[in-house]
Amino acid sequence: MSEGGYDLVVVGGGPGGYVAAIKAAQLGLKVACVDKRGALGGTCLNIGCIPSKALLHSSHLFEEVGHGLGKHGIKVSGVELDLGAMLANKSQVVKGLTQGIEYLFKKNKVDYVVGAGLIENPGKVVAQANGAARELTTRNVLIATGSDVMPLPGVSIDEDRIVSSTGALDLKRVPKHLLVVGAGYIGLEMGTVWRRLGAKVTVVEFLDRVTPGMDGEVSKEFERILKKQGMAFKLGTKVTGVDSSGESIKVTVEPAKGGAAETIECDTVLVSIGRQPYTEGLGLEKVGVRLDNRGRVETDDRFGTSVAGIWAIGDVIVGPMLAHKAEEEGSCVAEQLVGQKPHIDYDIIPGVVYTTPEVASVGKTEEQLKEAGITYKAGKFPFMANSRARSVGLTDGFVKLLADAATDRVLGAHIIGPEAGILIAEVAVAMEFGASSEDIARTCHPHPTLEEAVKEAALATFAKPIHM
Ligand code: FAD
Ligand code: NAI
């Protein structure tokens, strides 16, 4: 069956693809979106951002009610975990949101095609499902096929005892001892969920610090706080073997730089060492779309691939694998197709780890500024000195602002502390407007709020903080 006349066929219905499809339809284009999962929203809504945040919230409540209310004079006894109900709530949240995207497609007149998309040529996508094929003719194709779990050589993931993030969102029981490979976003978020629910958690990280890409000072503070919460770390350590033949799993590790091996026994292993671009089955080689040396679809600065009329965005191309980055790129492609000239500043893509406390960053780290030879000023303010943080008893962490030494223009912000993911947005907006640290410091912030810690860090950058 051939259906045609599309201006844009998007392959992949994740945050990159579905946003591109909706935006393009809003701009008057005829659009179809092909996804093979059977539910829209991609990795993010189905097995990523949303279910992990639902479990982080539920497990936080469980820990707070179990251990955190006494100091507020609230006595609670008999707190019990109903893991089945917690997981069912998470699945319900996912279902509601994925169906919400279907509703948005209908509202915006985007045709949703369930099937695996194969790009036959720049003007034709074939969607295959259950042995049937639908041919969609189009003026443009957008590759938004996202990413998949990066495997650990020699370790086979069964999503039961040896899991990726997907299995870690659905464990049927709380592990006695969860061994996490990789102290990145997934390892620390999912490790936190299962620690809160009662697991002993050991995190093995190849490099010598947690969340290695982050500002060094934040990473150190993050590790200190996570250890205080009960998480154990083996940094500068690599996993060399996983033996799951017996009742317990035996994981062999050794120092990354070489040295004596040791064996750790556990009952569950989470492999979270990164994600890789997903291009399987798209037919890219035949149609001539080039990949880079890391398997990502190669694009120019307007998201054009090596084949005219075929575009690519999101996790499948270069850049941080984050939903909001994919969304911005999706909007950009749609706007370009109707002749607009959108722009993304890749220096202003915030990143947030949704643990307690949250960790958020935007712009350059101190390490990056040093490496680039840029002279900068740093202003820091601890939550311990913020009256709102003190009132609610969330005093761990700090706000750090980095500004150019000569112009005072804000170059980066790194926050570890309560609501860091919300606080970072103020700095991102300020950076988009080219603000100086003085601009932030002289802006009247409401009292008593956590936001005042951002103002004080800005004061610390261009002058001196008041409350420290
Ligand atoms: P995806 O969301 O991966 O969507 C691609 C879609 O394309 C998938 O549905 C796939 O089935 C489909 N597809 C692939 N090939 C084909 C084909 N040939 N035909 C048809 N369909 C195809 N990011 C954040 O910003 N915040 C978070 O809190 C966060 N948490 C995360 C937690 C976890 C556990 C994980 C794994 C990821 C998380 N991420 C988070 C990352 C985020 O999910 C990704 O960056 C985002 O989903 C990328 O969007 P995308 O549209 O590029 O691709
Ligand atoms: P990651 O890149 O964040 O972290 C992987 C970690 O594993 C790194 O610290 C790396 O040094 C380490 N590592 C690599 N190989 C190793 C090995 N053999 N042994 C031990 N450690 C090893 O990747 P992760 O956590 O898998 O997440 C994938 C991506 O998904 C993230 O980079 C992020 O883009 C996205 N994500 C975002 C979230 C958010 O925004 N809150 C939450 C979860 C995922």
Side-chain angles (χ1 to χ4, degrees), residues 15-16 19 23 44 49 53 185 189 211 213-219 221-222 301 313-315 318-332 335 342-355 357-369 372 374 376-381 383 386 388-389 397-404 407-446 449-462:
V19 167
K23 188 76 182 178
C44 174
C49 324
K53 265 79 261 179
Y185 280 77
E189 285 188 355
T211 50
M214 280 192 183
D215 188 89
E217 212 177 340
V218 168
S219 240
E221 178 72 353
F222 196 18
D301 58 5
I313 55 161
D315 278 12
V318 69
M321 289 182 165
L322 295 171
H324 40 284
K325 177 259 192 188
E327 290 187 29
E328 294 304 324
E329 293 178 340
S331 285
C332 263
E335 288 169 345
H343 170 74
I344 297 173
D345 186 338
Y346 283 92
D347 262 342
I348 315 181
I349 304 223
V352 182
V353 189
Y354 296 88
T355 44
E358 290 182 349
V359 181
S361 64
V362 65
K364 301 284 190 225
T365 62
E366 282 204 58
E367 291 77 8
Q368 286 169 332
L369 292 175
I374 296 169
Y376 64 93
K377 302 175 289 181
K380 213 172 122 185
F381 191 79
F383 282 103
N386 171 272
R388 185 62 178 277
F398 56 82
V399 177
K400 178 158 91 175
L401 218 67
L402 304 172
D404 188 285
T407 64
D408 193 34
R409 187 181 177 131
V410 178
L411 300 174
H414 306 280
I415 307 178
I416 175 162
E419 308 290 8
I422 293 176
L423 301 183
I424 204 72
E426 170 184 351
V427 187
V429 173
M431 286 174 73
E432 280 287 354
F433 282 86
S436 62
S437 73
E438 184 174 352
D439 288 328
I440 298 179
R442 290 194 186 278
T443 302
C444 185
H445 286 63
T449 58
L450 299 168
E451 291 92 304
E452 287 172 296
V454 176
K455 177 188 165 98
E456 291 269 13
L459 265 172
T461 311
F462 103 97

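Since the model is a prediction, treat every value here as computed from it, not as a measurement. Only heavy atoms go into these numbers, but all of them, side chains included; no hydrogens, no water, no symmetry mates.
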Test side-chain contact (heavy atoms from CB on, under 4.5 Å) applied to Tyr185 and Met321, step by step: CA-CA 11 Å; Tyr185 280 77; Met321 289 182 165; over 6 Å; no
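- With a 4.5 Å cut-off on side-chain heavy atoms, Arg388 and Glu451 do not count as touching.
- Applying the side chain to side chain contact (heavy atoms under 4.5 Å, CB included) criterion to Lys325, with sequence neighbours excluded, gives Ile317, Pro320, Leu322, Glu329, Tyr346, Ile349.
- For His445 (side chain) and Glu456 (main-chain N/O), no donor-acceptor pair under 3.5 Å exists by modelled atom type.
- Between the Glu432 side chain and the Ile348 main chain, no donor and acceptor come within less than 3.5 Å of each other.
- Contact between Ala389 and Phe383 at its shortest, heavy atoms only, is CB-O, 3.4 Å.
- From Glu438, atom CD reaches atom OG1 of Thr461 across 11.0 Å, with rounding to the nearest 0.5 Å.
- Here the side chains of Ser361 and Val218 are not in contact, with every heavy-atom distance at 4.5 Å or above.
- A pairwise comparison of heavy atoms in Ser331 and Val19 identifies OG-CG1, 3.5 Å as the closest pair.
- Here the straight-line distance linking atom CZ of Phe462 with atom CZ of Arg442 works out to 4.0 Å at 0.5 Å rounding.
- Interatomic distance, CD of Glu452 versus CG of Leu459, reported as 11.0 Å (0.5 Å rounding).
- Within the 4.5 Å cutoff, the side chain of Glu366 has heavy atoms near those of the Glu217 side chain.
- Residues Glu221 and Val359 have side chains not in contact (no heavy-atom distance under 4.5 Å, counting atoms from C-beta outward).
- Residues Phe398 and Ile416 meet the side-chain proximity criterion, which asks for heavy atoms closer than 4.5 Å.
- What you find for Leu402 and Lys364 is that their closest heavy atoms are CD1-O, 3.4 Å.
- The minimum heavy-atom distance linking Ala453 with Asn386 is given by the pair N-ND2, 3.6 Å.
- With rounding to the nearest 0.5 angstrom, the CD1 atom of Ile415 is 11.5 Å from the CG atom of Asp215.
- Shortest non-hydrogen contact noted between Glu426 and Ile440 is OE2-CG2, 3.7 Å.
- Taking OG of Ser219 as the reference point, atom NE2 of His414 lies at 11.0 Å (rounded to 0.5 Å).
- Counting only heavy atoms from C-beta outward, the side chains of Phe381 and Lys455 never approach each other to under 4.5 Å.
- Residues satisfying the side chain to side chain donor-acceptor pair (under 3.5 Å) criterion with Asp439, sequence neighbours excluded, are Ser436.
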Working for side-chain contact (heavy atoms from CB on, under 4.5 Å), residues Glu189 and Val353: CA-CA 7 Å; Glu189 285 188 355; Val353 189; 3.8 Å; yes
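- Contact record, Ala441 with Ala458: N-CB, 3.7 Å, taken as the closest heavy-atom pair.
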